[in-house]
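I have placed the structure first, in the form of structure tokens, so that the comments after it can refer back to it.
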Amino acid sequence: MRLDGHIHVMDPAAAPEATFPQRLSAAGCAGGLVISLPPPGYNHLAQGFGERLENLCSWCAAGSSRYGFLWIDPLDPEVCMQIDAAPAAGVRGFKVICDRFYPYDPRAMAVFRRIAATGYPVLLHSGVLGDGKFSSHYNRPIGFECLIENPKLRFALAHFGWPWCDEYLALLLMFQSKEASDPDAPKMFLDNTAGTPHIYRKEALQRLDGVCRIRERMFFGSDLLAGDYRAKRAAELMARDDDIYRELGWDNTAIDHVYHRNLMAFIEGEK
Ligand SMILES: [Zn+2]
């Protein structure tokens with residue numbers, strides 16, 4: 001069973017419709033991680049907490065394999081209330097994009113500590129942002145080193161930190177070595193959603209796999225939209241990655257883990 005670990009809802013007018021599960025299954029996916037509409041402050045389509053929550057839940061029917069992640073803004077004065085209230089509505093984790101603050105901004109750090117206390121995970125953008133603003137510098141992988149002081153946090157960094165893939169690798173090494181000596185260390189997961197143009201992807205994967213333990217920590221993501229889930233595109237992305245995994249000598253079990261087990265370990269914690 002395959003899951004897509006990075007699906008966005010970006011259009012508040014897109015109506016959750018019956019074809020979403022069908023489109024996912026046409027791509028070979030049983031479900032995935034669905035990110036809510038952006039919070040106020042991110043773009044002109046942003047929605048308030050109540051609207052985002054309600055909209056997100058409508059894409060992720062209870063009992064389905066679709067897991068809703070609420071996109072929150074650490075600079076929102078009500079963000080702590082939102083973190084505390086969202087799980088009761090069925091939210092399974094949180095999404096943060098550092099678009100106008102560094103991850104080590106004290107306000108963001110307080111939010112990451114709050115998330116760790118709930119036991120829910122957080123999915124983070126890393127690498128160039130391309131949101132039309134002067135914002136990529138907030139997302140250099142090394143800026144997330146601050147999370148090493150956040151015990152028990154489960155977080156995933158998306159996009160391999162493109163184009164700072166070596167910096168991303170160094171960061172992952174630091175977190176993995178901390179984990180080896182401290183049972184309460186934060187756990188870093190890799191969301192392999194593209195950022196890396198395809199010609200760099202094999203090299204990035206090869207380096208990461210050669211130095212770090214990624215086979216048990218990386219999950220697949222497409223960055224496609226829930227409202228217009230392009231099954232053919234998702235299937236193409238998976239097929240391209242599968243070719244790389246085989247070239248790297250991965251067996252079917254390792255490949256299966258990238259498409260299922262590792263995402264569930266991120267969402268639910270490792271059992
Ligand atoms: Zn994304």
Side-chain angles (χ1 to χ4, degrees), residues 2-12 14 16 20 23-24 27 29 31-47 52 55-56 59-60 66-74 91-101 103 108 115 120-133 135-141 143-144 154-165 168 188-198 200-201 204 218-231 233-234 236-238 240-241 258-259 262-263 266-267:
R2 293 189 164 198
L3 299 170
D4 180 344
H6 196 123
I7 303 166
H8 279 279
V9 180
M10 291 302 283
D11 180 1
F20 181 41
R23 287 169 187 239
L24 280 165
C29 291
L33 187 163
V34 181
I35 300 162
S36 78
L37 289 160
Y42 187 76
N43 70 18
H44 64 287
L45 297 171
Q47 302 274 304
R52 296 203 309 287
N55 180 278
L56 178 63
W59 289 99
C60 304
R66 281 165 274 135
Y67 304 97
F69 272 51
L70 185 72
W71 189 346
I72 52 171
D73 176 5
V91 164
R92 303 299 297 272
F94 299 93
K95 163 80 171 176
V96 171
I97 294 187
C98 300
D99 64 332
R100 60 198 195 291
F101 52 89
I115 291 174
Y120 287 85
V122 60
L123 176 59
L124 298 155
H125 178 93
S126 74
V128 292
L129 189 50
D131 62 349
K133 297 179 274 190
S135 55
S136 294
H137 57 105
Y138 296 117
N139 292 285
R140 281 193 73 141
F144 294 94
R154 287 196 311 289
F155 70 99
L157 283 192
H159 315 295
F160 298 151
W162 165 257
W164 302 294
C165 299
Y168 183 99
M188 176 169 165
F189 287 77
L190 300 84
D191 166 353
N192 79 13
T193 300
T196 41
H198 189 64
Y200 291 92
R201 192 162 177 83
M218 184 171 77
F219 59 83
F220 165 72
S222 71
D223 229 355
L224 290 170
L225 298 173
D228 177 28
Y229 194 82
R230 292 180 290 135
R233 174 72 181 150
E236 269 167 22
L237 291 169
M238 288 185 271
R240 279 179 174 190
D241 281 355
V258 168
Y259 289 106
N262 299 349
L263 178 66
F266 171 58
I267 295 173

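Only a predicted model underlies this, so the values are computations on that prediction, with no experimental measurement involved. Ligands are counted one by one from 1 in listed order, and the atoms in each one are counted from 1 as well.
Remark: Y138 pairs with no residue by the side chain to side chain donor-acceptor pair (under 3.5 Å) rule, at least two apart or across chains. With sequence neighbours excluded, the residues that form a side-chain contact (heavy atoms from CB on, under 4.5 Å) with R140 are W164, E167. With sequence neighbours excluded, the residues satisfying side-chain contact (heavy atoms from CB on, under 4.5 Å) with I97 are Y42, W71, K95, D99, H125, L129.
Take a cut-off of 2.8 Å around the Zn ion (ligand 1): the protein N, O or S atoms inside it are H6 NE2, H8 NE2, D223 OD1.
Ring orientation note: the planes of Y200 and W162 are tilted relative to one another, at an angle of 30° to 60°. Between F266 and F189, the two ring planes are tilted [angle within 30° to 60°].
Classification of D73 and R100 as a salt-bridged pair holds, one side-chain N sitting under 4.0 Å from a carboxylate O.
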